[in-house]
Amino acid sequence: MDATTTTPTATYVVPAPVPADPPHNVLAWVSLGLAVAFVFFGPLTSIPAIITGHIARSQIRAKGELGDAAALTGLVLGYVFTALSILGVVAFVVFFLGVAAVAANPYMW
């Protein structure tokens, strides 16, 4: 080897950093969990599911977080289950008012 030749140096390629996904909104998942918990606890969880779903959606829009589908699902299920609970209570009251009316006047029919 003579003095004019150089040895090649190693070149390292640094990979570009992977952009991080925005974080998930926790209240969105809380809303969905509360809506599903309606099966066990009834309207005690469906009404908080509506409240947390609305809060989560506003936070998601403001901060650009993930979880809008979970928040929307929690909201829809919360509203549906609350409506079903109200209809159930109304049907219960109407049924027993009818039973009371028939018991008060058995010759009504």
Side-chain angles (χ1 to χ4, degrees):
M1 293 198 158
D2 61 350
T4 60
T5 60
T6 60
T7 58
T9 58
T11 57
Y12 297 102
V13 177
V14 178
V18 178
D21 288 336
H24 284 266
N25 187 289
V26 175
L27 278 180
W29 296 102
V30 169
S31 173
L32 181 60
L34 286 170
V36 171
F38 172 83
V39 174
F40 301 107
F41 300 107
L44 291 175
T45 60
S46 64
I47 294 170
I50 294 170
I51 295 167
T52 56
H54 279 292
I55 295 170
R57 292 206 64 200
S58 67
Q59 288 178 352
I60 289 168
R61 283 192 294 270
K63 298 178 184 176
E65 295 174 325
L66 298 176
D68 190 50
L72 184 61
T73 304
L75 267 174
V76 169
L77 289 177
Y79 277 120
V80 167
F81 291 150
T82 301
L84 287 175
S85 297
I86 292 170
L87 287 175
V89 169
V90 168
F92 181 81
V93 169
V94 167
F95 175 76
F96 281 105
L97 287 177
V99 168
V102 170
N105 186 4
Y107 302 107
M108 185 172 157
W109 299 98

Straight-line distance of [X] [atom1] to [Y] [atom2], nearest 0.5 Å:
{"X": "Asp68", "Y": "Thr73", "atom1": "CG", "atom2": "OG1", "answer": "9.0 Å"}
{"X": "Leu87", "Y": "Phe92", "atom1": "CG", "atom2": "CZ", "answer": "15.0 Å"}
{"X": "Thr52", "Y": "Gln59", "atom1": "OG1", "atom2": "CD", "answer": "10.0 Å"}
{"X": "Ile55", "Y": "Ile60", "atom1": "CD1", "atom2": "CD1", "answer": "12.0 Å"}

Please state whether the rings of His24 and Trp29 are parallel, tilted or perpendicular, taking 30° and 60° as the class boundaries. tilted
To check you understand the geometry: which heavy-atom pair defines the closest contact between [X] and [Y], and what is its length?
{"X": "Leu34", "Y": "Ala49", "answer": "CB-CB, 3.8 Å"}
{"X": "Pro22", "Y": "Gly64", "answer": "CB-O, 3.5 Å"}
{"X": "Gly74", "Y": "Ser31", "answer": "CA-OG, 3.4 Å"}
{"X": "Arg57", "Y": "Leu72", "answer": "NH1-CD1, 3.3 Å"}
{"X": "Ser46", "Y": "Pro43", "answer": "OG-CA, 3.2 Å"}

Are [X] and [Y] in one and the same hydrophobic cluster, where Ile, Leu, Val, Met, Phe, Trp and Tyr link if side-chain heavy atoms are under 4.5 Å apart?
{"X": "Val36", "Y": "Phe41", "answer": "no"}
{"X": "Ile51", "Y": "Leu27", "answer": "yes"}
{"X": "Phe38", "Y": "Val80", "answer": "yes"}
{"X": "Leu77", "Y": "Leu84", "answer": "yes"}

Can you tell if the side chain of Leu75 reaches within under 4.5 Å of the side chain of Ile50, non-hydrogen atoms only?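 Touching, per the 4.5 Å side-chain cut-off.
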